[in-house]
Amino acid sequence: QVQLAEFGGDSVQTGGALTLTCAISGYTSSTKCMGWFRQAPGKEREGIAGVFPSGGATYYAPSVKGRFYMSHDNSKNTLYLQMNSLKPEDTAVYYCAASMTTRCLRTWSSDVEYSHWGQGTQVTVSS
């Protein structure tokens, strides 16, 4: 059973940077996609970064591309999200997630394809 836990959320000012960490336990080769999502108050959950562990390709939502970077350390079973040039609209609860279905390979940003989620970590960006 894959279990995920996010760390690193904080309050920062506009233009600041943060790195979120997702600790993964029970990871198996059945994992097809790993992703970072976020949900702002009153908004739907948004997929912002995804990676296919088997292929290594990483994808980003247009809203974060060029500012956020996803990486993973297989030896530590850890996923990272480096966030730069933060804006107030980046304020949200951030989640990491894992998918065991090949459907995520076509729609990595669709949260319905992910079955395992962390508890979330709050990021607040003030102007």
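More than 12 heavy atoms of other residues, nucleotides or ligands lie within 6.0 Å of CD in E89, so this atom counts as buried by the packing criterion.
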- Message: For Y69 and N84: C-alpha separation, side-chain torsions, deciding distance, then whether side-chain contact (heavy atoms from CB on, under 4.5 Å) applies.
- Response: CA-CA 8 Å; Y69 299 94; N84 302 317; 3.8 Å; yes
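Pairing each heavy atom of K43 with each of Q39, the nearest pair is O-NE2, 3.1 Å. Here the shortest heavy-atom pairing between P88 and S127 reads CG-CB, 4.1 Å. Nearest heavy atom pair, residue A92 against residue Q122, reads O-NE2, 3.4 Å. Nearest approach of V64 to I48, heavy atoms of both residues: CG2-O, 3.4 Å.
Between F37 and W117, the distance from one ring center to the other falls under 6.0 angstrom.
Linking ILVMFWY residues whenever their side-chain heavy atoms come closer than 4.5 Å, directly or via other members, places V12 and F68 in the same cluster. Note on Y80: it does not cluster hydrophobically with L20, by side-chain heavy-atom contacts below 4.5 Å among ILVMFWY residues. Residue V93 is not grouped with residue W36 when hydrophobic side chains (ILVMFWY) are merged at heavy-atom distances under 4.5 angstrom, including chains of intermediate members.
Here CG of L79 is found 7.0 Å from OG of S71. Values are rounded to the nearest 0.5 Å.
A side-chain hydrogen bond (donor to acceptor under 3.5 Å, both in side chains) check over residues 90-99, counting only residues at least two apart or in different chains, returns the pairs R38-D90, R38-Y94, R67-D90. The side-chain hydrogen bond (donor to acceptor under 3.5 Å, both in side chains) contacts involving residues 1-21 comprise T19-Q82, where partners must be two or more places apart or lie in separate chains. For residues 35-65, there are no disulfide (SG to SG under 2.5 Å) pairs, not counting sequence neighbours.
Side chains of T101 and K32 form no contact here, defined as non-hydrogen atoms less than 4.5 Å apart.
Contacts of F52 classified as ring-ring contact (aromatic ring centres under 6.0 Å, His included), with partners at least two apart in sequence or in another chain: Y59. Remark: A98 pairs with V2, L4, T31, M34, M100, H116 by the side-chain contact (heavy atoms from CB on, under 4.5 Å) rule, at least two apart or across chains.
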Under 3.5 Å, which donor-acceptor pairs do the side chains of residues 105-114 form with other protein atoms, sequence neighbours left out?
| from | atom 1 | to | atom 2 | distance (Å) |
| --- | --- | --- | --- | --- |
| T107 | OG1 | R103 | O | 3.3 |
| D111 | OD2 | R45 | NE | 3.3 |
| E113 | OE1 | R103 | NE | 2.8 |
| Y114 | OH | W108 | O | 2.6 |

